[in-house]
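Just so it is clear, the structure is predicted and the values come from calculations on it, not from any experiment. Heads up: numbering here begins at 1 and tracks the sequence.
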Amino acid sequence: MPRISRHKDRCSTGHLCDTSAPVNASQHTVFANGKAILKRGDKVGKHTIRKKVKDKSLCINHRAKLTGGSFTVFVKGIGVGRKGDKADKGSMKGASDNVFAG
């Protein structure tokens, strides 16, 4: 069973400039280990992606969300985020060591 991901746990972005970023919980009423639990739709923190602009490869700001989540465990009616769930073009890597959700 996957471990629960929480506020500021990191995801791999799947991009070349910033390869990881924190994910920010949008709810602050349900907690695991004293941190708000993530849910589908929570925003990935500030990070950059590689983009070709006028024949140059630049790192530009990028916005993304946690798009994966549980189909059986919910916070405010939305699936909780867990280690391995899809975030941006990558997945959640950070999570609780002792709280799990199917």
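Contact between Ala21 and Val44 at its shortest, heavy atoms only, is CB-CG1, 3.7 Å. Contact detail for Cys11 and Met92: the closest heavy-atom pair is CB-SD, 3.7 Å.
The main-chain N or O of Ser20 is found under 3.5 Å from a side-chain atom of Arg10 such that the two form a donor-acceptor pair. Asn61 places no side-chain N or O within donor-acceptor distance of the main-chain N or O of Thr48, the cut-off being under 3.5 Å. Ser5 contributes no side-chain N or O that, together with a main-chain N or O of Leu38, makes up a donor-acceptor pair within less than 3.5 Å.
Pairs engaging residues 49-84 under the ring-ring contact (aromatic ring centres under 6.0 Å, His included) rule: His15-His62, His47-His62 [sequence neighbours left out]. Among residues at least two apart or in separate chains, salt bridge (charged side-chain N to carboxylate O under 4.0 Å, His left out) pairs with a member in residues 79-93 are Arg82-Asp85. A ring-ring contact (aromatic ring centres under 6.0 Å, His included) check over residues 25-46, counting only residues at least two apart or in different chains, returns the pairs His7-His28. Applying the salt bridge (charged side-chain N to carboxylate O under 4.0 Å, His left out) test to residues at least two apart or on different chains, none of the pairs has a partner in residues 49-78. Pairs engaging residues 18-33 under the salt bridge (charged side-chain N to carboxylate O under 4.0 Å, His left out) rule: none recorded [sequence neighbours left out].
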Pair up each side-chain donor or acceptor in residues 95-102 with any protein partner under 3.5 Å, not counting sequence neighbours, and list the distances.
unit_1 : atom_1 : unit_2 : atom_2 : d
Ser96  : OG     : Asn33  : OD1    : 2.5
Ser96  : OG     : Asn98  : N      : 3.1
Ser96  : OG     : Asn98  : OD1    : 3.2
Ser96  : OG     : Val99  : N      : 3.0
Asp97  : OD1    : Arg3   : NH1    : 2.9
Asn98  : OD1    : Asn33  : ND2    : 2.9

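Interatomic distance, Asn24 CG to Leu66 CG, rounded to the nearest 0.5 Å: 11.0 Å. In this structure, Ile4 CD1 and Lys35 NZ are separated by 13.5 Å, a value rounded to the nearest 0.5 Å.
Contact of the Lys39 side chain with the Val80 side chain is not registered, since no non-hydrogen atoms from C-beta on lie closer than 4.5 Å. Between Ser91 and Ser12, some side-chain heavy-atom pair lies under the 4.5 Å cut-off. Looking at heavy atoms from C-beta onward, Ile49 lies in side-chain contact with Ile60 at the 4.5 angstrom threshold. With contacts defined as side-chain heavy-atom distances shorter than 4.5 Å, the pair Lys8/Val23 does not qualify.
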